[in-house]
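So the structure is just underneath, and the comments pick up after that.
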2 protein chains.
Amino acid sequence: MSGSRATLAQVAARAGVSVSTASLAFSGSGPVSAATRERVLAAAEQLRYAGPDPRGRSLRQGRSGIIAVVMEDRVLAAFRDPVRIAVLDGIAQETSAQGQGLLLLSDVGESADAIGTATMDAAILLAFSSRSDPTVELLRRRVVPLVALGGPDHGLLTISIDDEAASAAAAAHLAGLGHTDVAIVTLPLVNVDSPAARGPLTADAMRAASVTVSLTRLRGARSVFPAAAGWVSAASSVDEGMIAGQALLADPARRPTAVIAQSDLLAAGVIRAAHELGLSVPGELSVIGFDGIPLDRIIPQDLTTMVQPAAAEGRAAGRAVLDLLAGTQPRSASFQCTFHPGATTARPA
Amino acid sequence: MSGSRATLAQVAARAGVSVSTASLAFSGSGPVSAATRERVLAAAEQLRYAGPDPRGRSLRQGRSGIIAVVMEDRVLAAFRDPVRIAVLDGIAQETSAQGQGLLLLSDVGESADAIGTATMDAAILLAFSSRSDPTVELLRRRVVPLVALGGPDHGLLTISIDDEAASAAAAAHLAGLGHTDVAIVTLPLVNVDSPAARGPLTADAMRAASVTVSLTRLRGARSVFPAAAGWVSAASSVDEGMIAGQALLADPARRPTAVIAQSDLLAAGVIRAAHELGLSVPGELSVIGFDGIPLDRIIPQDLTTMVQPAAAEGRAAGRAVLDLLAGTQPRSASFQCTFHPGATTARPA
DNA sequence: CTGTTAGCGCATTCAT
DNA sequence: ATGAATGCGCTAACAG
């Protein structure tokens, strides 16, 4: 694209036809005789013309074939989360089947500048928190069709999972087993560029919270265990889960009989911590996770968890964006999780 | 971008200035009086103008602010590999700091169409095999500045790691401990859209191989253990490593004393398999990996491995691309791995 | 079937 | 400090 490039006009001149005819020969969207098409293609070959320049084409057509995916984290943080990867893959399945490219944009630091200036036909907002309201406003102004995947209600077309119901179901499972003393390990409550806030779940922490998914799942769990103690982790990882587990389980006097973790990785960490403390799972501690990702045997048991249809969500978001671009009016959709009865929950001792 | 949008001309008209003046007011790259700038911005505000349309701008400037990252796998496969994620994050660190967006493109199936038609200022080819020669040729024709990250020699500017030397070093480490009966577990030899080829490393398999990294690492290991038996895995994962481990270790009569795995995930799987067979590591079997990724305690021990500076590679590739766009001439670079002495290798029994 | 005309939205000369 | 003119490369109406 930089450097010198043949243009359609040059190709047309060489083939002895008009530019518009040459254009038709490439797009195939009009009546061109086989002979002329041949001539045009031959001329292109001689000039090493690689096809119409996307820039001219997209200005003319008002379409670029680019769909943006906007995240609040930098790439590394986002893609360390297996659920996000599955969602992104779902999106890519749909969009790339239509020859659309995915533009990865991050709403952090200077990277966010690109959101205001990058070419895009539409955007998918991935797991936004309320922190990003200004970004949503900017994209709205740019009249970019938007699809939200998870996140707070911006009045946008939204693809989501019923986090609250699923969390409530997880809690109800424990309640049904007879647990009454339950602790909750949450995902981060604030976003990446805020000072990391790992620690006990306090009223202050709740007030400062901006991450929708964490709050919604918390609400679901609290609907069953209103007084449950909580621990806020700084990321969704095994290590963070272990820290949470240590904090919640170390003191035998204040030890819950069950833990609800807001992700499988956190749950795995809690189980690890329990083992290190000499607690058997589920004999002395029940643990339920959230996500249903392959844990690659980080823990020996099969984790009891709420399975989230991440790839399906991604595909739905991808389809919604394509529908938006096609002019049809897709509808918001909410997916349900399914309970996976693993081997990490049991009746309290 | 779709739907109706105010244009710079409308803003200019409303502000009572010429289009060119309005343009200057936005770009800030020319002399405009503070008063007129105010008027222009006010007019923009009234019309809810969100700034210059990227399409017009990129046609005019010949720049789009988009850097493509082209991979041979679909998103899911690519991002299941922690090294790839780290590399991508390194790229993003550099490019997004310059406000450039990353366009994710896949050289598989219909998704590949976008490679010929998508807007991009430059492209980074991520871990290409020789299979993708036609794609390289296409991008060359499009006169897109290219940077290869790993992969075969296309005569392109290439950022790589010295796989062969690192593999040789890993092998030498085992040789130094006294091992002579060593087996090698390789990464896939053929690409995703070829029929998956898991199984013993045969001459036939070698002939059909197209994945550079696997072959290069193999060459390094074989430089120390020319006759080493091998197993080709179908992916870089713990599960594949376990399958390899089962295959290589099940028969006590033909059991090696050490295994060189071409990735840490494969190494972890081999160790898992060893444990299942009742073999102690490193007592009865030494295992060395490759990558130096955080294993999140998939195995109990600290893995002995060759640590690859993945993020640094990514940053180097990102910088190279930016340099290319800036007109300076970056040079190819090769990174060295560092040996990490973990707890999974020892003298043979 | 092919050519002519027009303009997508903008940044950049060059005048003034 | 501002404005007028030009064209980036292409496709879509329309006319022939």
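Per chain, numbering begins at 1; letters A, B, ... match sequence-line order. All heavy atoms count here, side chains included; hydrogens, waters and symmetry mates do not.
Residues in residues 76-88 of chain B take part in these side chain to side chain donor-acceptor pair (under 3.5 Å) pairs, two or more places apart or across chains: B:Asp73-B:Arg84. For residues 316-330 of chain B, every residue pair satisfying the salt bridge (Lys or Arg N to Asp or Glu O under 4.0 Å) rule, not counting sequence neighbours, is listed here: B:Glu94-B:Arg319.
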Below 3.5 Å between N/O atoms, which protein atoms pair up with nucleotides 8-10 of chain C? Just atom names and distances, please.
from: C:dC8; atom 1: O2; to: A:Arg60; atom 2: N; distance (Å): 3.4
from: C:dG9; atom 1: N2; to: B:Gly56; atom 2: O; distance (Å): 3.2
from: C:dC10; atom 1: OP1; to: B:Tyr49; atom 2: OH; distance (Å): 2.6
from: C:dC10; atom 1: OP1; to: B:Asp53; atom 2: N; distance (Å): 2.8
from: C:dC10; atom 1: OP2; to: B:Leu8; atom 2: N; distance (Å): 2.5

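With hydrogens and angles ignored, the 3.5 Å screen pairs a side-chain donor or acceptor of B:Thr158 with a backbone N or O of B:Leu156.
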Throw together a table of side-chain donor-acceptor distances under 3.5 angstrom for residues 42-52 of chain A, partners on residues two or more places apart or in other chains.
from: A:Glu45; atom 1: OE1; to: B:Arg141; atom 2: NH2; distance (Å): 3.3
from: A:Glu45; atom 1: OE2; to: B:Arg141; atom 2: NH2; distance (Å): 2.5
from: A:Gln46; atom 1: OE1; to: A:Arg14; atom 2: NE; distance (Å): 2.9
from: A:Gln46; atom 1: OE1; to: A:Arg14; atom 2: NH2; distance (Å): 2.5
from: A:Arg48; atom 1: NH2; to: B:Glu137; atom 2: OE2; distance (Å): 3.2
from: A:Tyr49; atom 1: OH; to: A:Gly51; atom 2: O; distance (Å): 3.3

What side-chain donor-acceptor pairs closer than 3.5 Å can you find for residues 17-27 of chain A, not counting sequence neighbours?
from: A:Ser18; atom 1: OG; to: A:Ser20; atom 2: OG; distance (Å): 3.1
from: A:Ser18; atom 1: OG; to: A:Thr21; atom 2: N; distance (Å): 3.3
from: A:Ser18; atom 1: OG; to: A:Thr21; atom 2: OG1; distance (Å): 3.0
from: A:Ser27; atom 1: OG; to: A:Ser23; atom 2: O; distance (Å): 3.4
from: A:Ser27; atom 1: OG; to: A:Ser29; atom 2: N; distance (Å): 3.2
from: A:Ser27; atom 1: OG; to: A:Ser29; atom 2: OG; distance (Å): 2.9

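Contacts between chain A and DNA chain D, taken as any atom within less than 4.0 angstrom of a protein heavy atom, begin and end at D:dG9 to D:dA12.
Checking B:Val17 against A:Leu24, the closest nucleotide of DNA chain D that is more toward the 5' end is the one next to B:Val17. Both A:Ser20 and B:Ala34 lie close to DNA chain D; mapped to their nearest nucleotides by heavy-atom distance, the more 5′-ward contact belongs to B:Ala34.
When the local axes at the two ends of the helix from C:dC1-D:dG16 to C:dT16-D:dA1 are compared, using 5 base pairs at each end, they differ in direction by 30° after rounding to 10°.
Take A:Thr212 and apply the side chain to side chain donor-acceptor pair (under 3.5 Å) test, not counting sequence neighbours, and it matches no residue. Under the side chain to side chain donor-acceptor pair (under 3.5 Å) criterion, A:Thr36 pairs with A:Ser33, sequence neighbours left out. For A:Ala312, the side-chain contact (heavy atoms from CB on, under 4.5 Å) partners are A:Pro309, A:Arg315, A:Phe335, not counting sequence neighbours. In terms of the side-chain contact (heavy atoms from CB on, under 4.5 Å) criterion, residue partners of B:Asp133 (sequence neighbours excluded) are, by chain and number, B:Ser130, B:His154. Residues satisfying the side chain to side chain donor-acceptor pair (under 3.5 Å) test with A:Thr135, not counting sequence neighbours, are A:Asp107.
When the side-chain nitrogen and oxygen atoms of A:Ser33 are compared with OP1 and OP2 of C:dC1, none of them lie within a distance under 4.0 Å.
Note on B:Thr36: only backbone sugar-phosphate atoms sit closer than 4.0 angstrom, heavy atoms only; bases stay farther off.
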